[in-house]
Amino acid sequence: MKLKIKNVTDFNLKYTLESGQSFRWNRIDDAYYGVVEGRILKICQHSGTLIIESSDDEDKGIFTAQMFHYLDLHRDLAYILNAVNVDAYIDRAIDRFRGMRLLNQEIWETVASFILSQNNNMARIRKIIRTLSERFGYKVDYDGYVDWTFPTPQILADAGPEEIYKCGTGYRAGYLYNAANDVINGRLDLNALKQLDYNDAKHELMKLEGVGEKVADCICLFSLGHLTALPIDVWIKRIFERVYLRKTAKPKEIQDFAKQYFGEYVGYAQQYLFHYAQNQPNWDDAEHLELRFKQK
DNA sequence: TTCCAGGAGAGAG
DNA sequence: CTCTCTCATGGA
């Protein structure tokens with residue numbers, strides 16, 4: 001199955017897939033390979049044209065709709081970025097990474113991935129998820145690329161916490177095992193979760209062991225499409241303390257400030273500030289910080 | 001060797 | 001309510 005989407009505006013594949021919201025994509029030459037919803041996708045971008053290949057045969061109309069949803073292409077990104085572009089600092093971040101979009105990823109994989117993400121780093125999170133998939137998922141291949149589907153809750157529940165632990169999860173093995181069981185016995189209804197508004201979804205997620213405010217916000221933002229979610233990790237905390245608040249601040253203070261300052265699309269603002277700080281070594285130099293007080 | 005990473009839970013005060 | 005300590009792992 002091969003799909004060509006032309007005249008794509010305000011979309012950058014590299015920034016979108018390499019901005020820390022998904023741990024599943026691998027770049028080979030100018031193509032990105034990953035497993036989404038049980039099959040391999042190969043995606044290339046040539047300026048305004050996206051070429052998406054699937055290892056499965058599927059209905060073109062349905063597949064197109066799924067890809068628009070996954071890549072967040074149905075949203076007017078120019079409008080959103082204009083809405084959060086309220087000073088010269090974030091203007092620079094937006095200018096640097098324009099086209100980066102928030103994905104709408106599969107819910108179970110996102111829940112599991114961000115449970116594993118706590119007190120952990122990107123490279124190791126990717127490694128753990130790959131190991132889990134290789135051991136418990138199904139092998140899929142396409143175009144010479146081999147990967148594995150993310151294991152279902154049932155498979156992880158059957159495997160048990162000890163086998164999960166062997167994949168390098170550390171103390172988070174029990175959290176993932178319990179979450180898998182919660183899905184199976186209906187304590188967490190993933191389909192119902194998609195129908196809830198932001199606050200209800202967040203609090204439903206926080207009932208899970210190992211899911212606090214930050215992880216719940218990541219799931220809301222990277223899977224459920226709640227653009228008002230603001231995950232506060234060590235980087236976002238650091239960015240707001242140094243750039244905007246100019247003092248140490250608790251998560252609650254950062255939430256309150258950011259939501260009134262950036263507005264309802266604060267989740268998108270967060271993604272640009274996060275990726276900018278990670279890729280711009282002098283992001284908190286004195287002259288750089290001054291941009292925060294200037295108009296864009 | 002110590003520190004850190006897209007944190008959260010338990011316990012003390 | 002807030003503060004502190006601990007939880008595996010591996011790369012810097």
Give [X] one of three labels, base, sugar-phosphate or nothing, depending on what nucleic acid heavy atoms sit under 4.0 Å from its own.
X: A:Leu221; answer: nothing
X: A:Phe222; answer: base
X: A:Ser22; answer: nothing
X: A:Gly20; answer: base

Span that lies between the P atom of C:dA8 and that of B:dG11, in whole angstrom: 16 Å

Using the P atom as the point on both nucleotides, what is the distance between B:dG6 and C:dT4, in whole Å? 24 Å

Which nucleotide, C:dC7, C:dC3, B:dA8, lies nearest any side-chain atom of A:Lys250? C:dC3

Choose from B:dG7, C:dT9, B:dA5 the nucleotide whose nearest atom is closest to any side-chain atom of A:Arg124. C:dT9

Atom-to-atom span, [atom1] of [X] to [atom2] of [N] - whole angstrom:
X: A:Tyr171; N: C:dC7; atom1: OH; atom2: P; value: 11 Å
X: A:Phe240; N: B:dG6; atom1: CZ; atom2: P; value: 17 Å
X: A:Tyr165; N: C:dC7; atom1: OH; atom2: P; value: 11 Å
X: A:Arg172; N: C:dC7; atom1: CZ; atom2: P; value: 13 Å
X: A:Arg126; N: C:dG10; atom1: CZ; atom2: C1'; value: 16 Å
X: A:Asn119; N: B:dC4; atom1: CG; atom2: C1'; value: 8 Å
X: A:Glu213; N: B:dG7; atom1: CD; atom2: C1'; value: 11 Å
X: A:Ile236; N: B:dG6; atom1: CD1; atom2: P; value: 12 Å

Neighbour count >12 (heavy atoms, 6.0 Å) for atom CZ, A:Phe293: yes

For A:Gln295, does the CD atom sit with more than 12 other heavy atoms under 6.0 Å from it, leaving out its own atoms? no

Are A:Phe114 and the base of B:dG6 stacked, counting only ring centres nearer than 5.5 Å and planes tilted under 30°? no

Hey, would you say the A:Phe68 and A:His74 ring centroids sit under 6.0 Å apart? no

With a 3.5 Å cut-off and heavy atoms only, can you find an N or O donor on one side and an acceptor on the other between the side chain of A:Gln118 and the base of B:dG9? no

Whether the side chain of A:Gln21 engages the backbone of A:Arg101 through a donor-acceptor N/O pair (distance < 3.5 Å, no angle test) should be reported. yes

Whichever of A:Glu209 and A:Phe274 has the more 5' nearest nucleotide on DNA chain B, that residue is A:Phe274

What's the shortest heavy-atom distance between A:Asp30 and A:His46, and which atoms? OD2-NE2, 3.4 Å

